[in-house]
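The shown structure was predicted, so the numbers you read here are calculated from the model rather than taken from an experiment. Values below: all heavy atoms of this structure, side chains included; hydrogens, waters and symmetry mates excluded.
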Amino acid sequence: DSSALALDHALGPGCSLIARELGVDRVGVWRFGDRDRSLRCVALVDREGDAARTLGLQIAAEDLPQYFGALHGARHLAADDAMDDERTRG
């Protein structure tokens, strides 16, 4: 769908602005797919340079059930360290 692609394209500058204003290293936007059983990275800014490896990445709910459970149970997840947060670590 062309409107979804246009939105995805516009999200990159928005992620850059958010990262700069919040002073964070990484900001991403992930979209649910497959009836909320997967996530796809549609926009990412990463000061460490890992964006190319992550953009377009898909994650299946069966691979990270705890994470998907947390996502479905909350409007948003704020994690200072995603690798150590029990809701987001894989």
Side-chain angles (χ1 to χ4, degrees):
D1 171 285
S2 63
S3 61
L5 288 174
L7 175 61
D8 292 354
H9 183 71
L11 289 170
C15 287
S16 294
L17 176 65
I18 291 167
R20 185 174 60 249
E21 292 299 315
L22 294 178
V24 297
D25 291 331
R26 188 176 177 116
V27 173
V29 177
W30 294 72
R31 181 173 289 155
F32 276 110
D34 192 27
R35 292 186 281 210
D36 294 350
R37 293 186 307 230
S38 68
L39 285 171
R40 182 175 60 91
C41 183
V42 296
L44 181 69
V45 170
D46 187 337
R47 293 184 190 181
E48 299 293 319
D50 290 335
R53 292 188 312 164
T54 306
L55 191 60
L57 179 71
Q58 291 198 54
I59 300 171
E62 63 191 36
D63 294 333
L64 295 170
Q66 187 170 343
Y67 180 53
F68 276 76
L71 286 174
H72 289 297
R75 186 174 170 120
H76 68 278
L77 293 178
D80 290 332
D81 186 342
M83 299 304 284
D84 287 330
D85 190 298
E86 67 182 36
R87 301 165 300 164
T88 57
R89 65 177 171 225

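Contact record, Pro13 with Ala10: CD-O, 3.2 Å, taken as the closest heavy-atom pair. Residues Ala74 and Leu77 share a closest heavy-atom pair of CB-CD2, 4.3 Å. Heavy-atom minimum distance, Arg40 versus Gly56: CG-O, 3.9 Å. Across all non-hydrogen atoms, the minimal contact from Arg87 to Ala78 is NH2-O, 2.9 Å. Heavy-atom minimum distance, Ile59 versus Trp30: CD1-CZ3, 3.6 Å.
Counting side-chain heavy-atom gaps under 4.5 Å among Ile, Leu, Val, Met, Phe, Trp and Tyr, the cluster of Ile18 also holds Leu22, Val24, Val27.
The environment of Asp81 atom CG is dense: over 12 non-hydrogen atoms of other residues, nucleotides or ligands sit within 6.0 angstrom.
The shortest side-chain heavy-atom distance between Glu86 and Gln66 falls under the 4.5 Å cut-off. The shortest distance between side-chain heavy atoms of Phe32 and Leu39 falls below 4.5 Å. In this structure the side chain of His72 reaches within 4.5 angstrom of the side chain of Asp36, judged on heavy atoms. The shortest distance between side-chain heavy atoms of Asp80 and Asp85 does not fall below 4.5 Å. Between Leu44 and Val29 the shortest side-chain heavy-atom distance does not fall below 4.5 Å.
Between Ser38 atom OG and Leu64 atom CG the span is 12.0 Å, to the nearest 0.5 Å.
Judged by distance alone, the side chain of Arg20 and the main-chain N or O of Cys15 form no donor-acceptor pair under 3.5 Å.
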